[in-house]
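Written out below as structure tokens is the structure these notes cover.
Only a predicted model underlies this, so the values are computations on that prediction, with no experimental measurement involved.
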Amino acid sequence: MALIYIVEDDDSIREIEEFALLNAGHQVVGCSCAKDFYGELEKEIPDLCLLDIMLPDESGNEIVRKLRAKSDTKKLPVIMVTAKTTELDLVKGIEDGADDYIKKPFSIMELISRVKALLRRTETEEGKRLVLDELVINHEKREVTVEGAPVELTYKEYELLTMFVRNHGIVLHREAIMDQVWGTDYEGESRTIDMHVKTLRQKLGAYGNRIKTIRNVGYVIE
């Protein structure tokens, strides 16, 4: 699951994008203008941004240039969503720093596919370690350490912890956990998740206490 910001002034298009991405298991924040987007960035940097070019207060191209000029958003994955279809317009978007673009009108399947592909590519490029204070997940070695000490996890426990740490601070719904870790639709299999969380907490020691249960919703690691 990823946190995705949508910057789109057309309410109907933004609602379609939000609906599609939410159904794909992502966390979504919608913004209708650049000002709102910058306000959300001050709260949290997302995993990806869908950015319309034609906005009422500032162009998408200018926003991308500003993102690339700042250290904390320099590598933020950006997909431009545009009604401009000339080759010059599309090349300009890429040159300004966009990672990909989608032409309007677009299909839901195309949107989900592009987002998934960019997230996968970004994850591969951005290093092979996840770090939460003294908890380190080394994907190259498929190894977890807490304060330097190795923690032996099963395959599913490792996948579950990776999902938690990658989305730390974000409440993960049971449906999304079941789909991503077990690859199946959620059909009341809460017992499976709960048992794995229980053993994961035990193995992580003090760090296990940071995995919080959100009643009737899911889990979050703080």
Side-chain angles (χ1 to χ4, degrees), residues 1-9 14 17-18 21-22 24-82 90-102 111-112 114-140 144-147 161-172 176 180 207 210-212 220-222:
M1 180 189 300
L3 174 61
I4 299 176
Y5 287 177
I6 297 172
V7 191
E8 169 63 66
D9 63 324
R14 189 174 64 254
E17 293 173 339
E18 289 178 357
L21 293 172
L22 284 169
H26 300 296
Q27 297 280 334
V28 180
V29 175
C31 305
S32 60
C33 62
K35 180 181 178 181
D36 291 347
F37 173 59
Y38 292 138
E40 292 298 332
L41 279 180
E42 291 180 0
K43 301 175 187 176
E44 186 171 5
I45 303 298
D47 298 296
L48 183 144
C49 175
L50 283 176
L51 181 61
D52 184 28
I53 288 183
M54 303 296 289
L55 294 168
D57 52 350
E58 189 173 358
S59 75
N61 295 97
E62 180 61 27
I63 292 175
V64 172
R65 287 194 290 270
K66 288 182 178 179
L67 292 175
R68 296 301 177 242
K70 296 179 61 179
S71 60
D72 57 345
T73 57
K74 185 176 182 179
K75 294 185 178 181
L76 172 62
V78 175
I79 298 179
M80 303 289 276
V81 181
T82 175
L90 300 177
V91 169
K92 179 172 175 51
I94 298 298
E95 288 181 343
D96 285 334
D99 298 282
D100 198 358
Y101 61 84
I102 300 176
L111 173 66
I112 298 301
R114 292 292 188 90
V115 167
K116 185 177 181 179
L118 182 53
L119 286 172
R120 186 188 302 116
R121 188 167 82 236
T122 303
E123 180 180 331
T124 301
E125 292 173 350
E126 282 193 349
K128 300 177 173 65
R129 297 169 77 241
L130 285 173
V131 180
L132 180 61
D133 297 331
E134 295 300 315
L135 190 160
V136 179
I137 301 175
N138 188 321
H139 291 311
E140 279 191 314
V144 175
T145 58
V146 174
E147 296 180 349
L161 180 61
T162 296
M163 186 177 184
F164 284 159
V165 174
R166 182 174 289 127
N167 298 279
H168 72 273
I170 299 173
V171 176
L172 301 175
Q180 182 166 321
Y207 268 74
R210 297 176 69 165
I211 302 175
K212 304 297 183 182
V220 61
I221 191 167
E222 298 176 341

Do [X] and [Y] have side chains that approach each other closer than 4.5 Å (heavy atoms only, starting at C-beta)?
{"X": "K66", "Y": "Y38", "result": "yes"}
{"X": "D52", "Y": "D9", "result": "yes"}
{"X": "K70", "Y": "L41", "result": "no"}
{"X": "I63", "Y": "V78", "result": "no"}
{"X": "I112", "Y": "L21", "result": "yes"}
{"X": "R210", "Y": "D133", "result": "yes"}
{"X": "V29", "Y": "K43", "result": "no"}

What is the minimum heavy-atom distance between [X] and [Y], and which atoms define it?
{"X": "E40", "Y": "C31", "answer": "CG-SG, 3.8 Å"}
{"X": "P56", "Y": "C33", "answer": "CG-CB, 4.1 Å"}
{"X": "V7", "Y": "C49", "answer": "CG2-SG, 4.0 Å"}
{"X": "A176", "Y": "M163", "answer": "O-CE, 3.7 Å"}
{"X": "L119", "Y": "A2", "answer": "CD1-CB, 3.7 Å"}

Between [atom1] on residue [X] and [atom2] on residue [Y], distance to nearest 0.5 Å:
{"X": "L51", "Y": "F37", "atom1": "CG", "atom2": "CZ", "answer": "6.5 Å"}
{"X": "E17", "Y": "I79", "atom1": "CD", "atom2": "CD1", "answer": "10.0 Å"}
{"X": "E44", "Y": "Y5", "atom1": "CD", "atom2": "OH", "answer": "5.0 Å"}
{"X": "E18", "Y": "I6", "atom1": "CD", "atom2": "CD1", "answer": "5.0 Å"}
{"X": "T82", "Y": "I53", "atom1": "OG1", "atom2": "CD1", "answer": "3.5 Å"}
{"X": "F164", "Y": "L130", "atom1": "CZ", "atom2": "CG", "answer": "13.5 Å"}

Any sub-3.5 Å donor-acceptor pair from [X]'s side-chain atoms to [Y]'s backbone N or O?
{"X": "H168", "Y": "I221", "value": "no"}
{"X": "Y207", "Y": "E134", "value": "yes"}
{"X": "Q27", "Y": "P46", "value": "no"}
{"X": "R68", "Y": "L76", "value": "yes"}

Check the pair L48 / H26 against side-chain contact (heavy atoms from CB on, under 4.5 Å), numbers first and verdict last. CA-CA 10 Å; L48 183 144; H26 300 296; over 6 Å; no
Ion pair check, K116 and D100, cut-off under 4.0 Å: no
Should R65 and E62 count as an ion pair when the cut-off is N to O under 4.0 Å? yes
Check each of I4, V115, L50, D99 against P77 using the side-chain contact (heavy atoms from CB on, under 4.5 Å) test, and report the only one that passes. D99
Kindly indicate, with the supporting measurements, whether the criterion side-chain contact (heavy atoms from CB on, under 4.5 Å) is fulfilled by N138 and T145. CA-CA 8 Å; N138 188 321; T145 58; over 6 Å; no
Hey, mind stepping through N61 and M80 against side-chain contact (heavy atoms from CB on, under 4.5 Å) and telling me if it holds? CA-CA 9 Å; N61 295 97; M80 303 289 276; 4.1 Å; yes
Can you list everything that forms a side-chain hydrogen bond (donor to acceptor under 3.5 Å, both in side chains) with D47? Sequence neighbours excluded, please. none
